[in-house]
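Please read the structure below before turning to the comments.
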Amino acid sequence: MTQDDSELVRMLRAELAGPEPPIRAELDEIVRRGRRAIGMRRVGVAAAVFVAVASIGAGGVALRGIEEPAQPLGAASPTKAPPTSTPLVNRSVPMISVCDPWPDQDRVINSSRADVDRALSRLADVMKRGTATESTNMDIKPEYIASFLDGGFGIVRVTSTVDKSRNYIVYLQVNGYIGDPGGSFSESEAAGETCRMSNHKTLSDGTIVQSYQSSQDRFGGLLLALRVHTSQHRLYTLTVEKSGDDTVPPSMTLGELTTIGETVAKEG
Amino acid sequence: MARRDDDFAEFFAARFDGARRMAYALCGNWQEAEELTQAAFVSMYARWSAIHVDTVDAYLRKVVTRGFLDTKRRRRRREHTVAELPELSVEYELSSVEDRPSLLVALQKVPPRQRAVLVLRFLQDLSVQQVADALRCSTGTVKSQTARGLTALRTAYEATNGDVWLPKVVGCER
């Protein structure tokens, strides 16, 4: 946390310590509601037990009704086919949810700070060149903010004095990973989620690029995200969020973000 | 039951105020904060015998935070009719953070989950691991959400007050 952040938190604490209205809650009311909750829970448990017992009983009766006739003595029992073996699942595959831009650190290997620094510098350079917008006359001023939080995490804020839709914040996280990233992708994972996979491709060197966008404000403003698994077992995660005026969505496209991600991953 | 109620009453007297203040930081409204805190204490009473004395404070924070996030997730305010009309209180009206420009106003513009991380981490002084436990996520998520939350808070504060908050920028011109 920077000194500015510390000051921000100190001010917030001071403000929160201000006067407050009197407490209106009464212990008796809370206890009464609590007892009601206990009663409801007991009723629920009793009902569940009753249903379970009734189901077991009904199932037993039904099974007895369709019981096979007894085999005559000496008759050869039919040969049972051996159970078909199910293919083994590679348990080392990191099952990273497509819609979760922040991989669980328990399942990834942290990169060194030097790796993050290099990738972050690279990202800042790419953004400064205007790759994101493919335009050089937008007066884009990317900021390279050294904010690592010892978690392989960095931020590049992009601001434009000309076009507010060019204002966004790109978050970069660099991690290592274990397992086969190809195995972690599944269309079914995205089903029913609030974000959807937009692109999934494998480059010639084995790098896998997954891009997706959220359909609602699930991650607090996340609009686009990109995950790049390189063959060197580095995982680059880039997310783009709005910055400044909330009413103006950023104009970066998934294609542009993909280009940035591939460039950072290749040279980062 | 009497012993149980005595213990709970003692806990209620000692912790309700702090929990309500935390809920206020999360939702920015004293009335909603009171409801959140009451719901948390009701839930705790129903499970009082199963809660370990060493973890009771952590449990309370967890219940308040999750209650807040659940409310936001459902995107609807719990509204129910009551027989008694609430007393009109000028202090209550003014205590809403919507009415005065401040950091608390800015905090309400931070996305709920990031806000929860900031409140737990910096206002409740929890460690990264403790916040991760409370929100059932990884420590990496807590760290990233912290960074994003601070950025969002600063941006919202600047937008509200028109002040220029100088970020620590290095390495831009390399």
Side-chain angles (χ1 to χ4, degrees), chain A residues 1-5 8-9 11-13 15-17 19-21 23-25 27 29-31 33-38 41 100 102-106 108 110 120-121 124-125 128 141-147 149-153 155 157 169 171 173 175 217 219-221 241 243-246, chain B residues 5 8-9 12-13 16-17 20-21 24-25 30 34 37-38 41-46 48 86 89 91-92 95 102-104 107 109-115 118 122-123 137-141 143-155 157 159 165-172 174:
Chain A
M1 197 164 67
T2 64
Q3 196 173 352
D4 288 334
D5 292 337
L8 201 65
V9 171
M11 289 168 63
L12 190 59
R13 278 172 178 270
E15 208 170 298
L16 194 64
E20 60 177 340
I23 294 173
R24 305 171 77 178
L27 178 63
E29 173 62 17
I30 286 174
V31 168
R33 287 170 59 189
R35 285 180 179 158
R36 202 179 306 143
I38 293 172
R41 199 170 61 203
D100 182 2
W102 306 111
D104 189 340
Q105 288 210 333
D106 295 339
V108 296
N110 284 326
L120 197 56
S121 305
D125 284 347
K128 195 155 58 179
K141 295 179 179 175
E143 296 173 352
Y144 169 28
I145 302 176
S147 178
L149 292 175
D150 64 19
F153 186 73
I155 300 169
R157 186 198 303 236
I169 303 173
Y171 295 92
Q173 190 163 20
N175 295 96
D217 193 19
F219 303 115
E241 289 187 357
S243 172
D245 191 348
D246 285 345
Chain B
D5 284 1
F8 184 79
F12 174 85
F16 191 90
D17 188 36
R20 189 179 66 149
R21 205 174 273 274
Y24 174 65
W30 281 113
E34 181 117 0
T37 314
Q38 279 193 43
F41 272 85
V42 168
S43 171
M44 290 192 73
Y45 181 85
W48 190 245
S89 164
E91 286 181 2
Y92 244 74
S95 64
S102 68
L103 262 173
L104 277 172
L107 184 63
K109 292 177 179 166
V110 175
R113 196 163 174 84
Q114 293 172 18
R115 200 187 315 162
L118 292 185
F122 299 124
L123 300 182
C137 62
S138 70
T139 54
T141 301
K143 288 172 185 172
S144 60
Q145 294 279 338
T146 302
R148 300 161 102 188
L150 284 171
T151 304
L153 177 61
R154 191 182 295 110
T155 303
Y157 186 63
W165 190 279
L166 297 174
K168 191 176 183 181
V169 179
V170 294
C172 186
R174 295 180 329 110

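Order of the sequence lines sets the chain letters (A, B, ...), proteins ahead of strands, with each chain counted from 1.
Of the atoms belonging to B/Phe12, it is side-chain heavy atoms, and not backbone ones, that fall under 4.5 Å from chain A. Looking at B/Thr37, there are no atoms closer than 4.5 Å to chain A (heavy atoms on both sides), in backbone or side chain. Only the side chain of B/Leu107 comes within contact range of chain A, with heavy atoms under 4.5 Å apart.
A distance-only check finds no donor-acceptor pair linking the side chain of B/Gln114 to the backbone of B/Gln145 [under 3.5 Å].
No donor-acceptor contact under 3.5 angstrom links the side chains of B/Thr141 and B/Ser144, judged on distance only. Using modelled atom types, one finds no donor on one side chain facing an acceptor on the other under 3.5 Å when comparing B/Arg20 with B/Gln38.
Between chain B and the residues A/Ile23, A/Leu27, A/Val31, the most heavy-atom pairs under 4.5 angstrom are made by A/Ile23.
Taking the six-membered ring for Trp and thresholds of 30 and 60 degrees, B/Tyr24 and B/Trp30 have nearly parallel ring planes, at less than 30 degrees apart.
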